[in-house]
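The block underneath contains the structure these notes are about, expressed in structure tokens.
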Amino acid sequence: MKIFILEDEQDIAELIKHNLEKEGLSVEYFLTPEDFLKRYKNDNFDLLILDLMLPGMNGLEILRLIKNNPSKSHIPIIILTARNMEGDKVLGLELGADDYITKPFGVRELIARVKAVLRRVTPAKTLSRLIKINGITLDLEAFCLFVDEKKVETTKTEFYILKILVENQNKVFTREGLLEKLWGNEKIVVDRTIDVHVKRLRDKLGPYGKYLKTVRGIGYTFDMNE
Ligand code: CA
């Protein structure tokens, strides 16, 4: 999923970019309407985060342009508005914006809104095809793991263990719990072999292996906090 941001305050643009990239989204920002307008027609993007107060132009004009362009009008837009610009917010929604965020905003709120809009407009399949976290990419259709863009061979079991852990970041799984998720009620692998799979996975993840943490006496979790 590719997100475009049009926001003239570079700090804010960077902050949004950084946090959405952590969520596995690909992000590019533009600081001026000119830069954005040069690119938006020929580039594919899945969502636009649009500031309304822009140099030389109101974001609403950009919104109008996009909504009047048949090949772009389907692209969801989240507008960024200042607290004292209620009128713009309403107008933006009337013009077809999907959601709005009021500045100053919290990062969590931003991420939640972006994800909600993407979920609404994207069939689940395309959204879930790739899981990207830092340098780890899981291709759920090809069952491929990439570490720093390089393909790494895994067994199906390793792949699924990683998928479960990554999809549920910071959640601690017992070995039993992992097994249940892996095989339903069929206990094909016995308890301890989970440890073997996890150990191999850690090696295969290279610099990111450290995120696959052992929780003493309980099980495993994928946790990127140091
Ligand atoms: Ca602005």
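This is a predicted model, so every value here is computed, not measured.
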Inset, instruction - Assess whether side chain to side chain contact (heavy atoms under 4.5 Å, CB included) is satisfied between Leu140 and Arg129, documenting all intermediate values. - result: CA-CA 5 Å; Leu140 303 182; Arg129 156 111 208 229; 5.8 Å; no

Legend entry - Verdict with reasoning, Ile12 to Phe105, per side chain to side chain contact (heavy atoms under 4.5 Å, CB included): CA-CA 10 Å; Ile12 296 179; Phe105 54 83; 4.0 Å; yes

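Of all heavy-atom pairs between Phe146 and Glu149, the closest is CD2-O, 3.9 Å. Of all heavy-atom pairs spanning Asp148 and Pro207, the tightest one is OD2-CG, 4.1 Å. Residues Leu31 and Glu7 come closest through the heavy atom pair CD2-O, 3.2 Å. Nearest heavy-atom pair, Lys151 versus Cys144, reported as atom, atom and distance to 0.1 Å: CE-SG, 3.4 Å.
For Arg39, the side chain to side chain donor-acceptor pair (under 3.5 Å) partners two or more places apart in sequence, or in a different chain, are Glu28, Asp43. With sequence neighbours excluded, the residues forming a side chain to side chain donor-acceptor pair (under 3.5 Å) with Lys17 are Glu21, listed by chain and number. Qualifying side chain to side chain donor-acceptor pair (under 3.5 Å) partners for Glu94, counting only residues two or more places apart in sequence or in other chains: none. Not a single side chain to side chain donor-acceptor pair (under 3.5 Å) links Asn170 to another residue, sequence neighbours left out.
Contacts classified as salt bridge (Lys or Arg N to Asp or Glu O under 4.0 Å) and involving residues 45-72 (residues at least two apart or in different chains) are given here: Asp51-Lys103.
Note on Leu212: it does not cluster hydrophobically with Val172, by side-chain heavy-atom contacts below 4.5 Å among ILVMFWY residues. Cluster membership for Phe222 and Val215, using ILVMFWY side-chain heavy atoms within less than 4.5 angstrom, is not shared. In this structure, Val107 is a member of the same hydrophobic cluster as Ile78, with clusters built from ILVMFWY side-chain heavy atoms closer than 4.5 Å.
Counting heavy atoms from C-beta on, the side chains of Val114 and Leu118 come closer than 4.5 Å. Side-chain atoms of Ile161 and Phe173, non-hydrogen and from C-beta on, never get closer than 4.5 Å to each other. At a threshold of 4.5 Å between non-hydrogen side-chain atoms, the residues Ile111 and Lys22 do not count as touching. Considering only heavy atoms from C-beta on, Lys210 stays 4.5 Å or farther from Leu205 through its side chain.
Counted by atom type alone, Asn69 and Ser71 present one or more donor-acceptor pairs between their side chains at under 3.5 Å. Counting only N and O atoms by type, the side chains of Thr214 and Arg202 include a donor and acceptor under 3.5 Å apart. In summary, the side chains of Gln10 and Tyr29 do present a donor paired with an acceptor at a separation below 3.5 Å, with no hydrogens or angles considered.
Between the side chain of Glu158 and the backbone N or O of Thr155 there is at least one donor-acceptor pair closer than 3.5 Å. Side-chain N or O atoms of Asp139 include one that pairs as donor or acceptor with a backbone N or O of Ala142 at under 3.5 Å. Side chain of Thr221 to main chain of Lys171: a donor-acceptor pair is present (N/O by atom type, distance under 3.5 Å, no hydrogens or angles).
The hydrophobic cluster containing Leu6 also includes Phe4, Phe30, Phe36, Leu37, Tyr40, Phe45, Leu48, Leu50, Leu52, Leu54, Met57, Leu60, Ile62, Leu63, Leu65, Ile66, Ile75, Ile77, Ile79, Leu91, Leu93, Leu95, Tyr100, under a criterion of side-chain heavy atoms closer than 4.5 Å among ILVMFWY residues, counted directly or through chains of members.
Ring centroids of Phe143 and Phe159 are separated by less than 6.0 Å, placing the two rings close together.
Other residues, nucleotides and ligands contribute at most 12 non-hydrogen atoms within 6.0 Å of the CE atom of Met53.
Asp203 and Lys199 are joined by a salt bridge, as a carboxylate oxygen and a charged side-chain nitrogen come within less than 4.0 angstrom of each other.
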